[in-house]
Structures are given as structure tokens and as C-alpha cells.
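Quick notes on the structure that follows.
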Amino acid sequence: MKTFDTAFIERLYRSMYLIRRVEEEIARIYPTDKIKSPVHLSIGQEAVSVGICEALRDGDVVFGTYRGHAMYLAKGGDLKKMIAELYGKITGCARGKGGSMHLIDTEKGVMGTSAIVGTTIPISVGYAYGLKYNGSDSVVVSFFGDGAIDEGAFHESLNFAALKKLPVLFVCENNFYAIHSHHLSRHHSDNICERAASYGMPAEKIEDGDIFRIYESAGKHIEAIRQGKGPVFLECITCRWKEHVGPNDDFHLGYRSEKEVACWKEKDQLTRLRNLLSSNNVSVIENEVEQEIKDAFEFAEKSPFPEGVVLYEDVFKES
Amino acid sequence: MNTQRLLSYPEAIREALNQEMERDPSVIVFGLGVDDPKAILGTTKGLVERFGPHRVFDTPLSEDSMTGVAIGAALAGLRPVHVHIRMDFMLLAMNQIINMAAKMRYMFGGGDIYVPLVIRTLIGKSWGQGPQHSQSLYPLLMNIPGLKIVAPSTPYDAKGCMIQSIRDDNPVVFIEHRLLYYQKGHVPEETYTRAFGKARLLAEGSDITLVGISQMAVECLRAKRYLEEAGISAEVIDPVSLSPLDIDTIASSVSKTGRLIVVDNAWMVCGAGAEIITQLIERNINMQVHRMGFAFVTCPTTPTLEEHFYPNAKKIASRAYEMLYPDRKPWTPKTELQLEEIEFKGPF
């Protein structure tokens, strides 16, 4: 693996730290009921979003899932608008109408997340069709979990993307569980990449969660996609530390062991990055990020809830 | 003379598509069979030759995902027209239509998110279309905020509504009925739009209002002819736009006639008729009402049962007569009118 300069590692660390700390703050505040939306925390899975989004450039877009905080922030989504959205405030990125599961920041290329598993995959593909149609060299990244592999839309979308050689990178964040159901209880065998490849695209699996590997691999694939070589599939094995929905651990449920998660905590990419930086640099970054988070939660607290009249707005766009 | 120009219903749709694709390079048309030799009963004939395969293309049999593709393309600035040759097939796309297309603008707080998407969908009828080639699912869709739904019955409205649908910045479900494809009517050559939320008064009358949806508008016009022999004057309205619904036009007609039959081109439970009548009751309109629609069973294939399944002009006329003259014995039209259109004969 090539060596990365300090500035780049600082960028990664900043993004990773921001996501981790935002999620921790959400978990801390959640019991107060100030957050008016179910939350599906990304803690433990940050490296996938950060590694891939760092390989993108302006004009590239991402679509994701209800577990979308990491993707939203890694792509540069506005933190204040995100927290305000979770608080149900009019200043939220969806004016309080979407909540945690429907984050969007079109200026930053975050094109939306969905609560229905697999639904943004074909939409990503359609967006890629539009980019190609308009002669753009931007690319789309479609993020989804291993649960989406079970959906027909996943297979239909890969087929069509390959058929039309569309500029899309499919990223399966495989944390092994669709809620509490293990992927090998839903799949005949551990062959997600083989299935993706059979539709006619390169498919790669990254098993160790290494953020540098994810970044380098994504960068290589995105470059090929940008050159018009068609879609690529990337499976990133990862681990959700918290419960499926909510701020807590869930080992008491018994569907997975603490040990299973512990081995991922041992190779936490946030800690790894921190150890690559000087303590001075780390504290500068952390202080800045802490302030940013504090400001965002204050912004959300102070923002008003939508007035009743807002209920009937945004159903249709007036031409 | 343009004013004399007659086009069939599919010709009107084809002309609308041609004109809009010519005007706006962001318009694309796709769906199963749009570029095949039959070209969706001729409505997409010649489009691929004229505009190229990047703008007009066949798709895999993936209704749900191709709807998602249409949504994504719309977000990227295109104006897709997605065609389902059978409305029954569109059921496979309901996840994307209802969970995404209808909701995206709202759940992302408006702003620059909008979905200019046209979903063309065809209802089948007669000659053994049977359980899964005959469904008419607009009541399901009327229940969903965020969708516009039109079901024009005349070639004139078909062209105007198609152009309006393409130019609209929201998802529009454009419902066509196979039997309407035999309708011919005045269609101007120039482009024009037909505003949504405006019903069409097809024929004036004074004794009873007949509201017919999609092909049932034609059956209501025929019923009006039958009723003339009984000395009854029927007013006939095609709502054209089911969502939004122009209740004002219907209300003003019913206020005049005092009687209403809504003939749904679908099952009646929670249907358009139920909605129209409820809205009229909420306006305290003094009226007699009746609903007609599909028998509440699956559509059978054999013609002897199919005959009982659908409302038709004679049944509508009989029911109207009964509303006017509840004390007289039942009446059925005796004469057999010449049908203005050819009935659909298979095989498809």
C-alpha cells in the first residue's frame, strides 16, 4: 500500500471523527426525546462511507439508506441541517418532513436516503443514465446493505446498469445482518460478489474494513467508471456496533455475540487514524469538530418547529 | 382545415410524443416493447428511428426497477415517459411509484427535488382479457398523495393531457383504455396542453348527470342516446383528471339535474364514484345518487360472464330510467344503436 501524506490522513480522521462523535451525541441525547425520529446509527461502519466519499469529487452524487448519517456527513452534507432534521425542525434538510431516514443535501451531491430496503439502487442507476445521457463524466455511488441483496430491485438494477454501461459504483456495506437476520440465513452461500459479477461488471470484496484499502479501491474503480467502462460492484465487510435502530447495544438479544463485535472494535479505523497523527494535530481537529457539533445541536435546539401550514406544502412542484 | 382534422386516440398520443420529444431533448420514452414492431399499438411507432435508441428503448422485464430508473433519470434532469402496456403489470412497480415517486418531493422537503415522470398505462377489456389483463387500478392510486392521475376519453384530451403530463414537474399516471383506441375525434395539429383538474362536459342534458370514467364516458354517451327514446335528457361528464378531481363541474351539473350516476371503470369499493359522491354530499347537494362499476369479482374470461361483469350503455340507461321513474316497471332500450367504434377483436 502506498503511503499517504499527513494532510490526507487528517482529512480522513476529521471525517471519521465527525461521524463518530455526531452519532455518539445522538445516542446521548436520544433518551431526552428531543430527537423526533428513529435513528439507525452508523457507528462502526464509518470507514466505508469516508473511504469512498473521499475518492469522489464535486459533481459526483450518492444515494443511500436509512442508515445514512455516515454517508451524508462523509459526502459533506450540512451538519446543522441534519441535526435540525432529526429534531423535526423547519430548518432541517427536509424541513422536518423526512427525519433521520430521509437525509438530503443536493448541493453536496447527497441525493437522498430511503427507509425501504433497496429502493435507491434503481434510482441511482437512473441518475447515472441521466449523467451519461447528458455527456457528464460524473459518477453515482449507490450505498446499500446486505439486506438489499435479497431484493429484486438489486438484481434488476445491476442488470440494467451493466446493459447500458452506466457510471455507477454499487457499494454493499455488508454488516452481516438485516435487522437481526444473518446473511447466511438468507443466502445459500457467501457469494454476493459472484452474483454481482454475473451481471457483467467487476466485483471486489474488501474484508478487513481497512479505510485506506477502501479509499484506494474506490478511487481505482471510480476512475474506470469515469472513463466510461461501466459499473463496478464493491462489497465492504463491516460491523454495526449498536442495535439496528436506536442508541443502545443489543447483545442481550442473543442474535450475535459481543465477541463478534469486539474484533471489529479492536481494528477500529478511527483509533488507527488517530495513532497515525501527532497528538497536537489530533486535538486541533477534535476541538474544531466538537465546536461544529455543539453549534449544530444548538442550532437544532433553537430552530422552530414547522407551522401547521407547512403540512400541505411540498406535495407537488408548481410548474 | 385544422379544425376538421380527425385523429384516432393512439394517433393523438403518438403526435403528442413526437411533438414533445422534438421540442424538448430531455424527454425520453421507455418500457417493454416501445421500440418493437407493434410499438405499443402504434403509439410509439417511428420514435426510435426519429430520436434514436438513447431516447427510445425497450427495457428488461423489471417494472419496479425501471420505475426507479425513471425517477433517477428525472432527478438528473430528464423527462421520462415509462410505458406499461398493461396496467396489471404496473402492480410490479408500486413500490417505486408509491414509496418513492409520489413521496420524494415531500419527504425531502421540496426545494430542488422533484420528479417529472409520466407513467403511461393501458387498461384492457373484452375478447378474453380476463383476470390479469383487464384491471383498472386508478382507485388505488387516487388514494396516494403526490400523484396526478388522468384518464382522458377523447383523442383531443389524450393529446392535450399527454403534453401537459410531460411538461408537468410531478409524477403523472396517464391511463389509456384499449377500447378508446378506436375513438376518432378532432385533434388540432399544433401543440396544446390540457390543464389537469378540469372535467370535460361531453354532452348537455337536464334530467340526470352521468359521470363516466375512461371508457365508461363512451358508454355514458351511448346511454344518453338510448335515453332519448325514453324522453330522458342526460348530461355526460368525463372527469378526465381523477387527481386532482374537478368536483365543481360535477357539482354544478348535479345541482341542475338533481340526479347522478357515476360509472366507474373499476371496482366501486373505495372508488372514484365513492369519492365523487361523498364530496357532493359534503356540499349538501340535494340529489339522488347511484354508483355503477365492475362486479366485485375477478374479471372472468368467458364473454357470457364478462357481459355481466362490466357496466354498459344499456345497463346505465336502464338504471337512469329507474331513478327517474322508480314506480314504473323496469325499462331496457329496445333499439340497437350502431356502435360508433369497432369493438376490440383479438388476438392481441
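Here the structure is a predicted model, which means the values were calculated and not measured. Protein chains get the first letters and strands the later ones, always in sequence-line order, with residue 1 at the start of each.
For the pair A/K97 and B/F108, the NZ or CZ position fails the cation-pi test of under 6.0 Å to the six-membered ring centre and within 45 degrees of the ring normal.
For A/Y133 (side chain) and B/R55 (main-chain N/O), no donor-acceptor pair under 3.5 Å exists by modelled atom type. Judged by distance alone, with hydrogens and angles left aside, the side-chain atoms of A/E156 form no donor-acceptor pair with the main-chain N or O of B/M66 at under 3.5 Å. A donor-acceptor contact shorter than 3.5 Å is absent between the side chain of B/D169 and the backbone of A/K317. For the pair B/S65 (side chain) and A/A153 (backbone), a donor-acceptor distance under 3.5 Å is present.
For B/D64, the parts lying near chain A are the backbone and the side chain together; criterion is any non-hydrogen pair under 4.5 Å. A/L311 touches chain B through backbone and side chain together, each having a heavy atom under 4.5 Å away. If you measure heavy-atom distances from B/K148 to chain A, the contacts under 4.5 Å come from both the backbone and the side chain. Of the atoms belonging to A/K164, it is side-chain heavy atoms, and not backbone ones, that fall under 4.5 Å from chain B. Interface residue B/I28: only side-chain heavy atoms are found under 4.5 Å from chain A. Both the backbone and the side chain of B/L75 come within less than 4.5 Å of a heavy atom of chain A. Proximity to chain B (any heavy atom under 4.5 Å) is restricted, for A/E313, to the backbone atoms N, CA, C and O.
Each ring-ring contact (aromatic ring centres under 6.0 Å, His included) pair with one or both residues in residues 88-128 of chain A, not counting sequence neighbours, appears once here: A/F63-A/Y127.
Atom NZ of B/K45 is surrounded by 12 or fewer heavy atoms from other residues, nucleotides or ligands within 6.0 Å. Heavy atoms of other residues, nucleotides or ligands lying less than 6.0 angstrom from CD of B/E49 number more than 12. Annotation: A/E298, atom CD; neighbour count of heavy atoms from other residues, nucleotides and ligands within 6.0 Å is above 12. More than 12 heavy atoms of other residues, nucleotides or ligands shown are found within 6.0 angstrom of CD on A/E301. The 12-atom threshold is exceeded at NZ of A/K75, counting heavy atoms of other residues, nucleotides or ligands nearer than 6.0 Å.
Annotation: maximal heavy-atom pairing with chain B below 4.5 Å, among A/N159, A/L166, A/T106, occurs at A/T106. Of the listed residues (B/D168, B/L78, B/V69), the greatest number of heavy-atom pairs within a distance under 4.5 Å of chain A belongs to B/V69. Interface remark: of the candidates A/V125, A/I116, A/N134, A/T113, A/I116 forms the most heavy-atom pairs closer than 4.5 Å to chain B.
When all heavy atoms of B/Y106 and A/V310 are compared, the pair lying nearest together is OH-O, 4.4 Å.
Taking OG of A/S114 as the reference point, atom CD of B/Q96 lies at 8.0 Å (rounded to 0.5 Å). One finds the CG atom of B/D112 at 7.5 Å from the CD1 atom of A/I104 (value rounded to the nearest 0.5 Å).
No side-chain heavy atom of A/D314 sits less than 4.5 Å from a side-chain heavy atom of B/M107.
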Q: Step by step, work out the ring-ring contact (aromatic ring centres under 6.0 Å, His included) result for A/Y129 and B/F30.
A: CA-CA 12 Å; A/Y129 190 89; B/F30 62 85; 7.4 Å; no
